[in-house]
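Notes to accompany the following structure.
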Number of protein chains: 2
Amino acid sequence: MPNPLTDSDIIIAGEVNQRVMSRGLDALLRPKSVAVVGASANPSKISNVMLRNLAAGDFRIIPVNPKEKEILGFECFPSISSVPGGVDLAIIVLPAESAVRAAEECVAKGVGVVVITSSGFAENGPAGKDLQARLESLFNGSGTRLLGPNTMGVFAPGNRLDTLLIPAEKSPRPPPGRVALVSQSGAVAIAFLEKAEAFDMGVSVCVCIGNKADIEEIELLERFSDDEGTDCISMYLESFSDGRRFLEAARRASARKPVVILKSGRSGAGARAATSHTGALAASSDTLVEGALRQAGVVRVYDEEELVDVSRALAYLDHAKGDRVCVVASAGGFGVIATDYVESLDHGFGLRMAELSEETRRRLASVMPTFSSVRNPVDLTAEVTDEMYDKVLEALQADPGIDCIMMSLELQPPNVTKGLIEVAARRRAAGSTPIVVSAFGGDDTRAILAGLEKSKVPSYPTIRRAVRAVAALVERGHYLERQK
Amino acid sequence: MPNPLTDSDIIIAGEVNQRVMSRGLDALLRPKSVAVVGASANPSKISNVMLRNLAAGDFRIIPVNPKEKEILGFECFPSISSVPGGVDLAIIVLPAESAVRAAEECVAKGVGVVVITSSGFAENGPAGKDLQARLESLFNGSGTRLLGPNTMGVFAPGNRLDTLLIPAEKSPRPPPGRVALVSQSGAVAIAFLEKAEAFDMGVSVCVCIGNKADIEEIELLERFSDDEGTDCISMYLESFSDGRRFLEAARRASARKPVVILKSGRSGAGARAATSHTGALAASSDTLVEGALRQAGVVRVYDEEELVDVSRALAYLDHAKGDRVCVVASAGGFGVIATDYVESLDHGFGLRMAELSEETRRRLASVMPTFSSVRNPVDLTAEVTDEMYDKVLEALQADPGIDCIMMSLELQPPNVTKGLIEVAARRRAAGSTPIVVSAFGGDDTRAILAGLEKSKVPSYPTIRRAVRAVAALVERGHYLERQK
């Protein structure tokens, strides 16, 4: 009997699965007690870094080390079983073999979630695969969940939970916010968080799934899809634990909020490299992956910077209702380059330049310098002022033929000031047509850009990146339109 | 008689032309006296900004303004004809009509080069076209050359010549160096210079050609091709003054040094926008442009950031002898993403991952942590040290099967220090296999990256940009190979 399951069967199976699987995630994301097994008193050790990163959290902190009485002022216990009371989250920072023994003890104690940071498991040849199988059998049927092994763990700035292995002074962390990240690589997660911080983009939670022996991307995707504190789900994946279930989960999540995925291992050599990195099994063909993700409503990106750029736009702004873009520049050259990126298919995004209505042309002509052209791209020239931006954006947002506005903001014009932040924030609040900014410049520019970010007007330091963000808003709009 | 010219005729015509046309460029690039016509004593005026920017130069500075006796301590003259002695360079900062009258006076005095910054010429409809035609007829047959109109002029940090209209405190300038820029847009030039400064990339000279009524890109391309102080010629163009002559010049220049071009107006709407920006006439088809540029050895780029990124790699490093790339990462995830960018044609650069020789594998295995994989991408894991990088790079540079090395440098590994700068500089000097770096991180990383740049090891903040730079080195190598 081919394909005995109907679509609704799959969905029901998924929902049951979700309820079963989600047990324990609260202990990972909102623990009341956090143990570090293998905690060291030596400040240069990773486990000590982790304790320092955790120290600000409002949960009980429990270092475990048979040789110490206390570390960083926290009472230290010789073993996890000797800890009085329950433990929600235990992070094991020990070499692979010892980590398995410690995990066994955690399971026996009934710890909520165990995180194993060490490598040397499925990514490490036959012996590692055996060790991971032993580990998995420990957790099977137990009430304890496992994150990893081979993972940096979890970062949840809202409750100051930070198990990342890098000191915050070496790698700046973003503030609490509304983008969730699931990453199969700790380093990619760190890069994401640093780039998010640079743009002041807040993060609700970041989970590094590593070898995903138990907790994997599907369960987390479902969890963040339901999470009211998350507006956009971003993922770095090298493999899918279960392609069909993943696509179902992505389809359900996409109907509620944007899902952005960087899926690597696209090339033959890349897929082989992914196998040796996290023991990932390669998908059969990247063309299939691309099509399936698109059908599920996922916005696919290709590098770590694009993951942050696109997430920021989708988390901050409504989708675009169509693909007609209006470019507003203060420097003609950037208007031309932006137009190329809007329209071109090769080195561009295949969108359309909007045709301005007669009414819009009339309104623009009344505020613009006489010698500038009332066309799209709109060239406001270096004579542009904050007030002119206000009136031009208002006119463009009133034009039903424009689905998205890209402002190429060269901040050298002498009459553009920090007042522009207020203008952009007001226009963002007033109109439904989304506005994306590209800008460059010295310290003055950076101050204005930081202000724009605070007002949730996403800005980008190059034309290409800004038009890429516009294209993501258009793609999201197309997807939602198709679902109607 | 179809095509009466042979190839060598064209070259000879080009050479004669070059000798004739190059008269005056010295007065533009190395003036002994610089007049600012329309100089204002008001510090908020553009002409005053320009005087301040010029004040550091070791040439005579001559403000011209009938209402002032002196400005910023420089003696002021009522008109250009009343200035005693010769004037190499006169920058006219007056509205279009007045600028034409002042230009007439400059021609009468025998000024070397006149720069007209104002817009309102060929880019501004029929009336502007007429005005530009009047301007051109003034210079025709005279000994005086014209840069512009509608231009920001020239920046030559070696002799502190800076006519750009933006204060240096608003837009940081790069140091003297070996990349020349020719730009048809002042704003794109400013963006280029700012991004160059951010990476400490030096510039030999930057000329903004604006409406290019006289001095245009071909003459400057020929000039910088001959210039021993320039290792790479970078251009932003919206149009070609003469496509055939340009390609001839590009072919001759490419044989001597890399030529990188951002040519906008690629799309239909982009080409129309270029016409209203600098009065540019659109090329017939961008596919033709793309093929012709490639055949002439030009490395084409598509945005302002890529223009700086690729110029930096080509100016600093030898070309790659083939397309076999070795990726060295300290974080597996980035090794996978880099591999995808190396190999993929879609969202990638269609290069090859090098096959490591037996000898190389043996040498790598002796220095690497046992659990890491001796494959390409090479995963050094977070245990990597400066010394390990040294030995690994040495082994890879000795492998004749590797044409280019990309180091993905995640600087969180605790044992990577500033010593890496010295390692990279030594490996750069010792081996002919070029090394390109991608890196991210906090302040520590930025300090190390700045040191790498000083050692002419180009580094990039994302994987994509680093592999793009590698692809440019490969493209340059292929071109030179074809010329043999």
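Note on naming: letters A, B, ... go to the chains in the order of the sequence lines (proteins, then strands), and numbering restarts at 1 for each one.
Contacts with chain A were tallied for B:M353, B:K195, B:E306, B:R464; B:R464 has the most, counting heavy-atom pairs under 4.5 Å. Counting heavy-atom pairs closer than 4.5 Å to chain A, the top-ranked of the candidates B:A191, B:G186, B:A331, B:S44 is B:A191. Ranked by heavy-atom pairs under 4.5 Å with chain A, the first of B:A329, B:G270, B:S267, B:A187 is B:S267.
Interatomic distance, CD of B:Q132 versus CG of B:N150, reported as 8.5 Å (0.5 Å rounding). Atom-to-atom distance recorded for A:D286:CG and A:S264:OG is 9.5 Å, nearest 0.5 angstrom.
Interface residue B:L262: only side-chain heavy atoms are found under 4.5 Å from chain A. Contact annotation for A:L345: neither backbone nor side-chain heavy atoms come within less than 4.5 Å of a heavy atom of chain B.
Classification of B:E197 and B:R173 as a salt-bridged pair fails, no side-chain N sitting under 4.0 Å from a carboxylate O.
With sequence neighbours excluded, the residues satisfying side-chain hydrogen bond (donor to acceptor under 3.5 Å, both in side chains) with A:E305 are A:R465.
The cationic atom of A:R266 (NZ for Lys, CZ for Arg) lies less than 6.0 Å from the six-membered ring centre of B:Y341 and within 45° of the ring axis.
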